[in-house]
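All remarks here apply to the structure that follows.
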Amino acid sequence: MSALTSVRPDVKAPTRVKPARTRLLALPEARWAAASTAAFLLALPLQLLDASAWLWGPLYAAAYVTGGWEPALEGLRALREKTLDVDLLMIVAALGAASIGQVMDGALLIVIFATSGAVEALATARTEDSVRGLLDLAPPTATRLHPDSGTEETVAVDQLAIGDIVLVRPGERVGADGRVLDGASDVDQATITGEPLPVSKAAGDEVFAGTQNGTGALRVRVERDPSDTVIARVVALVEEASRTKAPTQLFVERIENRYALGMVAATVLVFVVPLAFGADLTGALLRAMTFMIVASPCAVVLATMPPLLSAIANAGRHGVLIKSAVVMERLGQTDRIAYDKTGTLTEGTPHLTKVIPENPFLEDELLALAAAAEVRSEHPIARAIVAAARDLPREEAYDFRSAPGCGVTATVGGREVEVGSPERLGERAATAPDTDGTAVVVRVDGERAGWLLLTDRLRPGAPAAVAALNRLTTAPPALLTGDNHRAAHAVAEKTGIPSDGVHAALLPHEKADAVRDLGGQVLFIGDGVNDAPALAAAHTGVAMGRGGSDLALETADAVLVADDLTAVPKAVALSRRARRLVVQNLCLAGAFITALVIWDLAGHLPLPLGVAGHEGSTILVGLNGLRLLRESAWRE
């Protein structure tokens with residue numbers, strides 16, 4: 001008995017265990033931020049209720065220490081490398097605020113910075129979790145066949161070598177990239193190519209590690225080393241792109257070193273120069289302290305964060321999860337959009353779009369016969385046919401048989417009904433109706449009875465979203481898909497994407513290369529495992545939230561929680577408004593700092609007035625940034 005006839009038809013797909021996800025409090029950054037926030041929240045009401053300073057003072061001190069020691073250490077390390085960063089400036093500013101009695105303001109700065117660091121650490125850890133979990137797509141073992149005797153042995157997939165023959169039973173995952181020697185089956189390779197339907201595989205066809213075999217058995221010759229499979233390269237590409245993607249910084253962070261050096265040098269001069277000309281120590285120290293307070297970057301930092309955080313909150317209310325302030329700033333820089341097809345512009349599942357009966361059959365009769373034959377099949381096409389006929393009366397089917405890669409056969413009302421691939425059921429390709437989807441032939445008692453046409457439908461808002469994003473960008477959009485050229489061009493035509501922007505039949509690494517080749521600040525929208533390298537390589541990656549794979553959701557910079565594509569252009573426009581507000585706030589903060597510094601240097605700025613001016617400018621720019629919380633900001 002051959003290996004292909006000794007398969008176990010009852011074998012089911014192995015249950016896939018989801019990768020362990022890093023818990024928030026498992027990260028030290030999160031624990032320190034939580035401790036700092038808790039101490040602050042306990043101290044604040046005590047201070048506002050005029051409780052004794054002995055009660056709230058130690059709590060504020062705990063907030064300073066728990067939230068500030070790590071950024072202070074990082075700042076000192078940077079100082080040792082002869083650079084100054086905003087973390088150290090914030091610590092100095094917080095301590096300066098505390099030294100003049102503004103303990104609460106300094107503690108708030110510490111809490112904000114600690115929380116931001118914890119969120120960034122969590123995002124990094126979750127991405128690493130998903131990359132590791134991607135390796136679970138490939139099975140740990142494979143059934144290797146001895147080349148001479150045909151006997152089976154179970155081996156770890158990393159022990160497979162090029163030229164080995166492996167048996168892939170029904171329901172199993174393919175263990176290695178290779179080519180089918182014999183057998184026939186439908187293989188779900190959406191994780192690799194993003195195709196919405198399983199693909200028929202027979203002798204001579206290529207299969208990929210990690211894809212899901214259907215109801216047939218396949219004998220496959222290994223053609224790639226396990227370390228070089230497509231799924232392994234996806235992992236490597238995501239990791240490499242995440243490491244090499246230029247670390248974008250907020251505008252204020254890009255000038256922090258120069259500002260810090262200038263402020264420190266100026267503070268020293270403000271203290272030393274008057275002493276050199278005979279000023280008293282106390283007066284010089286007070287003037288220098290006032291200068292440090294009014295020149296500190298608190299207002300500059302708050303000029304940047306409130307608009308971006310308000311925009312993030314507003315977008316979140318409308319189903320767009322932006323993962324950081326850096327991403328919100330970067331979103332507005334987009335000048336070109338690239339789209340995945342299946343599951344992004346389309347719904348990702350087949351739907352019956354047309355029934356074409358041939359005499360003497362009518363549409364409802366043909367559909368009812370096909371649905372009765374398909375009712376026991378688990379194939380996505382079968383489910384679409386049965387769903388389309390749910391309101392039609394149909395007879396019971398008997399003698400159900402399924403031929404992998406061909407279709408199904410059953411006896412319905414005393415007649416033999418065949419539903420399946422026209423090529424595999426003996427129909428000439430020229431007789432099939434013209435369609436950009438899938439044509440299924442229905443035969444009754446050996447004669448063709450008609451055709452069923454199925455396609456992956458567009459998402460309702462896809463054309464409007466593409467048109468809106470076209471108005472916001474300067475370069476034409478692109479469509480990057482693993483599906484075939486005909487299906488890709490059909491979707492592009494319906495959504496307004498130019499034909500020269502269509503790139504079809506792409507493997508995951510080819511999608512990432514295509515994103516890089518587009519040039520400019522590319523925003524890529526995708527949903528699957530095969531989209532993860534492109535999401536990582538893009539300037540900004542956006543994942544579909546409902547149907548998106550774990551890896552896509554963690555790799556992306558933003559997530560569409562409700563899969564609403566029309567929210568993307570609104571998020572881009574909101575980001576650009578936030579960037580404009582950041583510039584306004586920086587100008588406002590700069591004007592306040594300049595005026596107060598000149599007053600302190602050219603005249604005599606009282607310390608309380610300097611603090612009031614500094615805090616007033618901070619509050620003003622903060623309130624200006626909060627304007628983006630309004631509902632009208634999203635609509636506009």
My understanding is that only residues two or more places apart in sequence, or in another chain, count here; which of them pass salt bridge (charged side-chain N to carboxylate O under 4.0 Å, His left out) with [X]?
| X | value |
| --- | --- |
| Arg383 | Glu378 |
| Lys494 | Asp436 |
| Asp164 | Arg144 |

With sequence neighbours left out, write down each residue that passes side chain to side chain contact (heavy atoms under 4.5 Å, CB included) with [X], or none if nothing qualifies.
| X | result |
| --- | --- |
| Ala488 | Leu479, Thr481, Val502, Ala504 |
| Pro140 | none |
| Ala556 | Leu535, Ala543 |

Ignoring hydrogens, what is the shortest heavy-atom contact between [X] and [Y]? Give both atom names and the distance.
| X | Y | result |
| --- | --- | --- |
| Val157 | Gly175 | CG1-O, 3.8 Å |
| Ala534 | Val515 | CB-CG2, 3.8 Å |
| Pro463 | Leu458 | CG-CD1, 4.2 Å |
| Ala633 | Arg627 | CB-O, 4.3 Å |
| Ser402 | Thr215 | OG-OG1, 4.2 Å |
| Ile497 | Leu345 | CD1-CD1, 3.9 Å |

Does the side chain of [Y] come within less than 4.5 Å of [X]'s, by heavy atoms?
| X | Y | answer |
| --- | --- | --- |
| Val187 | Val199 | no |
| Asp188 | Thr211 | no |
| Leu454 | Val440 | yes |
| Val207 | Val180 | yes |
| Arg579 | Pro307 | no |
| Leu518 | Phe524 | no |
| Leu352 | Leu453 | no |
| Ile385 | Leu452 | yes |

The criterion is side-chain hydrogen bond (donor to acceptor under 3.5 Å, both in side chains); which residues satisfy it with [X], sequence neighbours excluded?
| X | answer |
| --- | --- |
| Thr334 | none |
| Thr566 | Asp564 |
| Glu493 | none |
| Arg580 | none |

How many angstroms lie between [atom1] in [X] and [atom2] in [Y], if you round to the nearest 0.5 Å?
| X | Y | atom1 | atom2 | answer |
| --- | --- | --- | --- | --- |
| Leu560 | Ile525 | CG | CD1 | 6.5 Å |
| Met328 | Asn314 | CE | CG | 8.5 Å |
| Asn470 | Arg336 | CG | CZ | 10.5 Å |
| Glu172 | Thr143 | CD | OG1 | 5.5 Å |
| Leu523 | Gln333 | CG | CD | 11.5 Å |
| Arg330 | Gln521 | CZ | CD | 9.5 Å |

Any donor-acceptor pair under 3.5 Å from [X] side chain to [Y] backbone:
| X | Y | result |
| --- | --- | --- |
| Arg390 | Ala387 | yes |
| Asp531 | Asp527 | yes |
| Lys201 | Glu206 | yes |
| Asp513 | Arg516 | no |
| Glu510 | Leu507 | yes |
| Glu223 | Ile162 | no |
| Ser377 | Glu374 | no |

- Message: Would you say CZ of Arg221 has more than 12 non-hydrogen atoms from neighbouring residues, nucleotides or ligands within 6.0 angstrom?
- Response: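 No.
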
- side chain to side chain contact (heavy atoms under 4.5 Å, CB included) between Leu480 and Tyr339, worked out: CA-CA 6 Å; Leu480 313 178; Tyr339 303 89; over 6 Å; no

- Query: Which residue pairs pass the ring-ring contact (aromatic ring centres under 6.0 Å, His included) test with at least one member in residues 305-324, sequence neighbours excluded?
  - Reply: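 Sorted pair list: His318-Trp634.
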
- Query: How far apart are the C-alpha atoms of Val583 and Asn585, what are their side-chain angles, what is the distance that settles it, and do they pass the side chain to side chain contact (heavy atoms under 4.5 Å, CB included) test?
  - Reply: CA-CA 5 Å; Val583 173; Asn585 280 351; over 6 Å; no

- Under 4.0 Å between a Lys/Arg side-chain N and an Asp/Glu carboxylate O for Asp205 and Arg179? no

- Query: Can you tell me if Asp557 and Thr540 form a side-chain donor-acceptor pair at under 3.5 Å?
  - Reply: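 Note: Asp557 and Thr540 side chains miss the donor-acceptor criterion.
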
- Message: For a side chain to side chain donor-acceptor pair (under 3.5 Å) check, start with the C-alpha distance between Asn213 and Ser185, then their side-chain angles and the critical distance, and finish with the verdict.
- Response: CA-CA 7 Å; Asn213 188 24; Ser185 187; 2.7 Å; yes

- Query: Testing Leu331, Val327, Leu308 for side chain to side chain contact (heavy atoms under 4.5 Å, CB included) with Ser575, which one passes?
  - Reply: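 Of Leu331, Val327, Leu308, side chain to side chain contact (heavy atoms under 4.5 Å, CB included) with Ser575 is met by Leu331 alone.
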
- Enumerate the residue pairs fulfilling salt bridge (Lys or Arg N to Asp or Glu O under 4.0 Å) with a member in residues 457-471, sequence neighbours excluded, ordered by first and then second residue.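 Sorted pair list: Glu347-Arg457, Arg459-Asp563.
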
- Message: Apply side chain to side chain contact (heavy atoms under 4.5 Å, CB included) to residues Val168 and Arg219 and explain how you reach the verdict.
- Response: CA-CA 6 Å; Val168 185; Arg219 208 153 55 94; over 6 Å; no

- Message: Using the side-chain hydrogen bond (donor to acceptor under 3.5 Å, both in side chains) definition, which of the options Asp483, Asp456, Thr495, Asp340 pairs with Thr346?
- Response: Asp456

